[in-house]
Amino acid sequence: MAELSDIKNETVRQEIEEYIQREDERAEIVSLYSRTSPLMQEIAAGIIGGKNKLVDELTRRALNDEKIDALVIMDDGLIAGMAIVGIKFRENFIFVPEVLSCARAMKAGMAHIDPILSASGVEPLGRVVMGTVKGDMHDIGKNLCIMMLRGAGFEVFDLGVDTSPDEFIDAVEEHDAKIVGMSALLTTTMPNMAKTIEAFIDADIRDDVKVMVGGAPVTPDFALEMDADSYGDNAVECVEIAKKLMSEIKSETRG
Amino acid sequence: MTIDGSELEKRLARIRGIFVDISQHAEKQMQLRCPYKNAQCQCTAKFGCRYQRKPTVGGDPLLCSHDDQFDFRSAWESDPESREKMRHQLRDIRKNRY
């Protein structure tokens, strides 16, 4: 049976000792990490610490210099790290801002895997442009949606907060995105979703994209009123909606 | 270097599983604890909030003083224009006073 002391990386050992309290989970995680290489443990520790640049550099080194298989990097580095992050979050040792940093670190690692996926014929489920509308600085809900969409296999372009209609239009054209996700948390900024959709019509791109909207004040009725294609209540639902919109796009293209 | 599609799908399913759990827990947690408040009780929001407090050490992020016992969202001041207007109004009030 694997022991905690079998794990070479001190950060990973400390994380397990301090935060993984359920016996079954601890045994499973110790068993997983005890068979992984020091470099994979370093990648996992980088993810747990939310260190983008470190994960970026280590993943590059693992793939290019050490010639480690991409699936092994995913299993033993990226997913292994994120598994500990998930448990720490569930047990309230860390919170949403830390989780989002960890997800960004994972994305930095996945960026090196993505070209291999393309070369293997694995294409993203779709391209999505996401942003919080003009005048609104809230980004947590949007960032959770982005994390979920990327995890599901979508390619996501994040425009951040306070995004003008022109910025949405430029991003759609630049990335040839088929879905736009708009978020607003205030009743005062919600009209800017409608203004952005109007701007899509003026720019003659409305028929080229599906628009999904979400955020605390937004309801399915409001979404209909502003002529959005779909409304999502939370990050999990956002993925289902994006998949549905992609299948609509595909059937429209075929038709 | 290439990847076997079905093997990859297994990994993506595991990532999705982890993220679904995270999102569901976040939804629940956000009912009372502000999602912009980190583990060190610092505020990571890019907007103003009544619960923000100055840090004890200069240069550190603002602290969050909310006690996680009730809905916090009414304290958010998120419209940059309104905030700017309010800032100007406050400056005018101060000018008139002194």
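Residue numbers begin at 1 in each chain, while the letters A, B, ... track the order of the sequences.
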Colleague: At a heavy-atom distance under 4.5 Å, which candidate from A/Asp69, A/Ile94, A/Asp139, A/Val99 has the highest pair count against chain B?
Modeller: A/Asp139
Colleague: Is there a side-chain contact between A/Leu100 and A/Ile146, using heavy atoms and a 4.5 Å cut-off?
Modeller: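 A/Leu100 vs A/Ile146: side chains apart.
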Colleague: Heavy-atom count check: over 12 atoms from other residues, nucleotides or ligands less than 6.0 Å from A/Glu17 CD?
Modeller: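 Counting other residues, nucleotides and ligands, CD of A/Glu17 stays at 12 neighbours or fewer.
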Colleague: Is there a side-chain contact between A/Thr36 and A/Asp75, using heavy atoms and a 4.5 Å cut-off?
Modeller: no
Colleague: Non-hydrogen atoms of chain B under 4.5 Å away: do they reach the side chain of A/Met147, the backbone, both or neither?
Modeller: both
Colleague: With a 4.5 angstrom heavy-atom cut-off, is it the side chain or the backbone of B/Ala45 that approaches chain A, or both, or neither?
Modeller: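 For B/Ala45, neither part sits under 4.5 Å from chain A.
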Colleague: What part of A/Val161 gets closer than 4.5 Å to chain B, counting heavy atoms only: side chain, backbone, both or neither?
Modeller: side chain
Colleague: What's the separation between atom CZ in B/Arg14 and atom CD1 in A/Ile79, rounded to the nearest 0.5 Å?
Modeller: 4.5 Å
Colleague: Measuring heavy-atom distances to chain A, does B/Lys28 have an atom under 4.5 Å in its side chain, in its backbone, in both, or in neither?
Modeller: neither
Colleague: Need one label for A/Ile113: side chain, backbone, both or neither, based on atoms under 4.5 Å from any heavy atom in chain B.
Modeller: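 It is the side chain, since no backbone atom gets that close.
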Colleague: For each of B/Ile18, B/Ile22, B/Ile15, tally heavy-atom pairs with chain A at distances under 4.5 Å, and name the one with the top tally.
Modeller: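 Ranked by contacts with chain A, first place is B/Ile22.
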Colleague: Measuring from atom CZ of A/Phe93 to atom CD of A/Glu18, what distance do you get when rounded to the nearest 0.5 angstrom?
Modeller: 7.5 Å
